Every structure is written in C-alpha cells, then in structure tokens.
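Following: one structure in structure tokens, then a few remarks.
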Number of protein chains: 2
Amino acid sequence: MHTADYAAFAGRLGGLGIGVPSGAMRPASVRTYTSGAEIYAEGDRAGELYVVEFGAVRIHRLLADGRRQVIAFHLAGEIFGFEPGATRSFFAEAINATGLKPLSSIGADAAELMPLALRGLLRAQEHLLVIGRQCAMERIAAFFLDMAERQGDEDIIELPMPRLDIADYLGLTIETVSRTFAKMRSSGLISLQGTRTVRLAKRELLQDLCR
Amino acid sequence: MHTADYAAFAGRLGGLGIGVPSGAMRPASVRTYTSGAEIYAEGDRAGELYVVEFGAVRIHRLLADGRRQVIAFHLAGEIFGFEPGATRSFFAEAINATGLKPLSSIGADAAELMPLALRGLLRAQEHLLVIGRQCAMERIAAFFLDMAERQGDEDIIELPMPRLDIADYLGLTIETVSRTFAKMRSSGLISLQGTRTVRLAKRELLQDLCR
DNA sequence: CGTTTCCTTGACCCTCTTCAACTTGAGTGG
DNA sequence: CCACTCAAGTTGAAGAGGGTCAAGGAAACG
C-alpha cells in the first residue's frame, strides 16, 4: 500500500496550508477541493462513492440550532460516501486542499463493497462507545490511537483538522479539547511539535486509558 | 407479556422495508432465548445473521471497568448480526424471551444484504449525533420517537427493555433516565401506563426537541 | 406473600460547558 | 524582513447538567 505515504504527504500539505495545483500531474478523474469546500450536502442525490487521493474529509450533521456532530474523518486512501437510500443524510466537506476520485457505486460489485460498508459500520459503533461512555481524556486518547493506526502506526501523527473538528467529532467543546491536550502534554503522555503534530510518547498508557 | 408483540410487529414488516432476503438464504428453525441469555459474545466466530421473530435483542460492548454502551436494540422483524471480519466485536443478548431465526450469510447475495447493512450504518451514525450533541431530554425524546417509528408509529409504545438498557443506550445513567421520564410526564409530554408503556401525548413537541 | 429486581427520588459533587480574555501563528503587504 | 491582521488555539473563572451515593417504593416472580 502506498496510501501511508499519501497520508503523510497530504497531512503535511494540510498542516502548512499549501494549495495543491490542480493542473498537469493529476489524473483527469481526480476532483480537487479547497479547504472548507462542500463535497455533498444533506438532501443531495446520493449514489457516488469517493476515494480520497490526498487531503482529508469530514462527514457531519447539524441540529437546528447549529450544534454539529462530526460523524467521521476520511484520510488519504480511504473510501467514503456510503448511504442507504437515494439522498444524502450528511454533509461532506474537504478539511484541507483535497483530491477525490469519484466511483460510481451503481454497477459496482456489492460483494466488493460490503466489507467496506461493514468496516464503516464497525467504526461508527466503536465511536458510539467512546462518545457514550468515555471521559474527555479517554476520548482524546482513543482519537489519537485511531489516527495513529490510520497513519501507519507511527508515534508521530499529523492532525489534518482544526481543534473544532476534533471537538465536534468527540462530542466535546474546543476548550475541553485544548485543555485535555495540555493536560496530556504536562503529564508526558504526548508532546506537541506544532499545534497539529503530536508525538505519542507513552502509547501503552494511552492504550490503557481507553480499554 | 412482551411476547405477544410479535403478531403486531409481523404485519408491519413490509411497511418498514425490512424483511428476509428472498434469495439464497434458507432460514433454519427458530431458536428461543430466555431473558438475559447470550446470543453471541465478543470474540466469537461471526458470520451468522439473525431475524428477530419475537422479543427484543440488545447489542453492546464493555469497557475494562464495566462501563457498558448499548449499540443497538433489535425488535421483532429486524435483522442483526452484521460484522466485518471473522470475529464478533460486540455482545448480543436477549432482553426478554426471544425467538431468532439464524441466516447463514455465507452464500447470501451481498446485493440483497447491502441495503440492510447501510441502514444499520445510518442508524449508528444518527445515534452518534444524539449521544454526542444532545442533552438528556433530547436524547430520550429521540429514543421515544425512534421506538414509535419502529412500532408502527402508534402514539403508545412498549419499551421492551429496562431503564438500565435505555441509559446505556443513550450514554446516561439510570437515574437521569428516570428523572427525565418524570420531567416529561409532569410537563405533559408523555404519560406512563405502567413503567414500560409510554403514551406520546405531544408528538410535535417531542419532535421539535430533537431537530 | 415474601423476596428480589427494577424503578424512583433526594442531596451533593464533579466534569465539562460557557463566557471571556489573551496568545500564537499563518498569510499578506509594505 | 518585519509589521499587520485574522483565524486558530490556549487559559481562567464561574456555572450547569448530569453523575454518584444513598435510601425508599413499586412491581415482577416463584
């Protein structure tokens, strides 16, 4: 898999906020999005899947008063866009400069897609446990470990998203996320190298936190 | 008492678009479980799906210290047991006396099962919004409305599960669930006819609560 | 009927939220 | 290269919602 390389590359681009040229080197089928651009919206016609070529995507939903829940993040190499029925139930937005390859799921082999759909299901269900039953520090530990696993299990991870996205993903506020980062840093669990680069200094302890 | 629900549920399956796929899977005979009986456990070999003939099932997961998150409830007529990979990630237990028809998913047509898997995914994702971003009263309103929809959209719903299961499903404690029921009753939103029978007196208001 | 489980209610406490101010850092233009 | 600006992140103080602990009451079951 070259996807890990992609992830590292895309993560760095995001962190530096460098725009990706959408010109010559890109295969024709890749669509590029700028930071914050909408990929699809609630109510849109569904039916297309996307492969993340570079960058990162957030899937989310809003309540009437503006409260937001980020349902999932999708990093380079991952596929998203599964929806039952004909209309989107969520929003998808590019977090940074992002490239996507659309896949028409119509005509795709369901037997091929099923494992992906089921992995998405498992992810959502495990996230329910985190949000429903774990405290702020445990949630963030789980988040770090998940991000690490998806970035090739290195001890240094890139967070392609701002604190607000992390907060809305974990059912917390941005302040609690920030304070918890600080607490983890001062207790030596992690160290920060820039606001979006985290070194997992004591992985075992992080793991113990969310068992 | 609750086993009488089956006849009522069975007639509505068509309306919910839930049913036994008609293809390669041959239902075996019905297995019955007593209240609290384990259907499968985390770590078990996966691969079998189940149709709930009567009764109700809870899917859950535990943290090391015993905290529990109920991931889903499955009522009569519904299918559960989707898992990626070869081993179970969750526990499934009968809530009451329950009858299940096992379906071997091996050899089943993935195209038939995909919509079911995707509906499960949507359910989990919508549940994330409830748990991540809504307060106790909103969570319980959403729970009532979900149960009502799955029971044929009557104003009177049966809760097949104890308060503790509801609490663990909504990421609350049993005390908060009980207090919130009381608050809803005294504000006329609902009325209770026995501890497990709820009349949704003001559906509109309940709906407004969780938009 | 008595026993156990389930449910309710009260009092207190703690974690996280809210509100606010301040700091840092990336991108822009002089 | 430095100053400016705006977004992003951090930190503090106060408050609220829900958790915890504890006790009492109702309902199911043998």
Side-chain angles (χ1 to χ4, degrees), chain A residues 12-19 34-36 58 63 65-69 95-97 130-141 158-186 190-198 209, chain B residues 1-4 34-36 58 63 65-69 95-97 130-141 158-186 190-198 209:
Chain A
R12 252 176 266 125
L13 290 178
L16 295 174
I18 295 174
T34 58
S35 175
R58 65 175 166 253
L63 290 171
D65 62 0
R67 281 175 288 175
R68 184 182 72 151
Q69 178 65 41
I95 297 175
N96 310 116
V130 173
I131 287 186
R133 283 291 174 234
Q134 295 190 301
C135 68
M137 179 141 326
E138 293 168 337
R139 291 184 205 192
I140 291 189
E158 276 294 306
L159 305 177
M161 70 293 287
R163 298 287 189 268
L164 184 59
D165 286 351
I166 299 174
D168 285 347
Y169 179 66
L170 297 175
L172 300 170
T173 61
I174 184 174
E175 293 95 333
T176 300
V177 169
S178 187
R179 277 188 258 267
T180 306
F181 275 42
K183 217 177 291 178
M184 284 180 153
R185 208 177 35 164
S186 69
I190 61 167
S191 58
L192 294 180
Q193 300 161 11
T195 53
R196 301 214 182 162
T197 307
V198 183
L209 263 178
Chain B
M1 192 70 161
H2 296 114
T3 56
T34 58
S35 174
R58 65 175 166 253
L63 291 171
D65 62 1
R67 279 175 289 175
R68 184 181 72 150
Q69 177 65 39
I95 296 174
N96 311 115
V130 173
I131 287 188
R133 283 292 174 236
Q134 295 190 302
C135 68
M137 178 139 327
E138 293 168 337
R139 291 184 205 193
I140 292 190
E158 276 293 306
L159 305 177
M161 71 292 287
R163 298 288 189 269
L164 184 59
D165 284 353
I166 299 174
D168 285 348
Y169 178 66
L170 296 175
L172 300 170
T173 61
I174 183 174
E175 294 94 333
T176 298
V177 169
S178 187
R179 277 188 260 266
T180 306
F181 275 42
K183 218 177 288 178
M184 284 180 153
R185 208 177 33 164
S186 68
I190 60 167
S191 58
L192 294 180
Q193 300 161 11
T195 54
R196 300 212 184 164
T197 307
V198 183
L209 264 178

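Letters go in sequence order (proteins before strands), and every chain restarts at 1. All figures in this text were calculated on a predicted structure; none of them were measured in a lab.
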Over how many whole Å does the gap from [X] atom [atom1] to [N] atom [atom2] extend?
| X | N | atom1 | atom2 | answer |
| --- | --- | --- | --- | --- |
| Arg163(A) | dT23(C) | CZ | P | 19 Å |
| Gln134(B) | dG18(D) | CD | P | 11 Å |
| Arg185(B) | dC7(C) | CZ | C1' | 11 Å |
| Gln193(A) | dG25(C) | CD | P | 14 Å |
| Ile95(B) | dT5(C) | CD1 | C1' | 16 Å |
| Lys183(B) | dG10(C) | NZ | C1' | 14 Å |
| Glu138(A) | dC14(C) | CD | C1' | 15 Å |
| Met184(A) | dT10(D) | CE | P | 13 Å |

Answer yes or no: is there a side-chain heavy-atom contact under 4.5 Å between [X] and [Y]?
| X | Y | answer |
| --- | --- | --- |
| Val177(A) | Arg139(A) | no |
| Leu63(A) | Gln69(A) | no |
| Pro162(A) | Thr195(A) | no |
| Arg163(A) | Phe181(A) | yes |

Arg196(A) side chain: which of dT8(C), dG18(D), dG9(D) is closest?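 For the Arg196(A) side chain, the nearest candidate turns out to be dG9(D).
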Just to be sure I understand the rule, does Gly171(A) reach a base, reach only the sugar-phosphate, or reach nothing, if contact means heavy atoms closer than 4.0 Å? sugar-phosphate
Return the angle between end axes of the helix from dC1(C)-dG30(D) to dG30(C)-dC1(D), with five pairs used per end and rounding to 10°. 50°
Shortest non-hydrogen separation from [X] to [Y] and the atoms involved:
| X | Y | result |
| --- | --- | --- |
| Ser35(B) | Ile95(B) | OG-O, 3.0 Å |
| Met137(A) | Met184(A) | O-CE, 3.5 Å |
| Pro160(B) | Asn96(B) | O-OD1, 3.0 Å |

Check each residue of residues 174-181 of chain B for a non-hydrogen atom within less than 4.0 Å of any atom in DNA chain D, then write out the ones that pass by number, or none. Glu175(B), Thr176(B), Arg179(B)
Report yes if at least one side-chain N or O of Thr173(B) is closer than 4.0 Å to OP1 or OP2 of dG19(D); otherwise report no.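 Checking dG19(D) against Thr173(B), a side-chain N or O does come within under 4.0 Å of OP1 or OP2.
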Among Leu170(A), Leu172(A), Ile140(A), whose side-chain contact (heavy atoms from CB on, under 4.5 Å) with Thr180(A) holds?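 With Thr180(A) as partner, Leu170(A), Leu172(A), Ile140(A) yield a single side-chain contact (heavy atoms from CB on, under 4.5 Å), made by Ile140(A).
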Of Leu192(A) and Arg133(A), the one whose closest nucleotide on DNA chain D sits nearer the 5' end is Leu192(A)
Among all residues two or more places apart in sequence or in another chain, which pass the side chain to side chain contact (heavy atoms under 4.5 Å, CB included) test with Thr197(A)?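 Result, side chain to side chain contact (heavy atoms under 4.5 Å, CB included) vs Thr197(A): Ile156(A), Glu158(A), Gln193(A).
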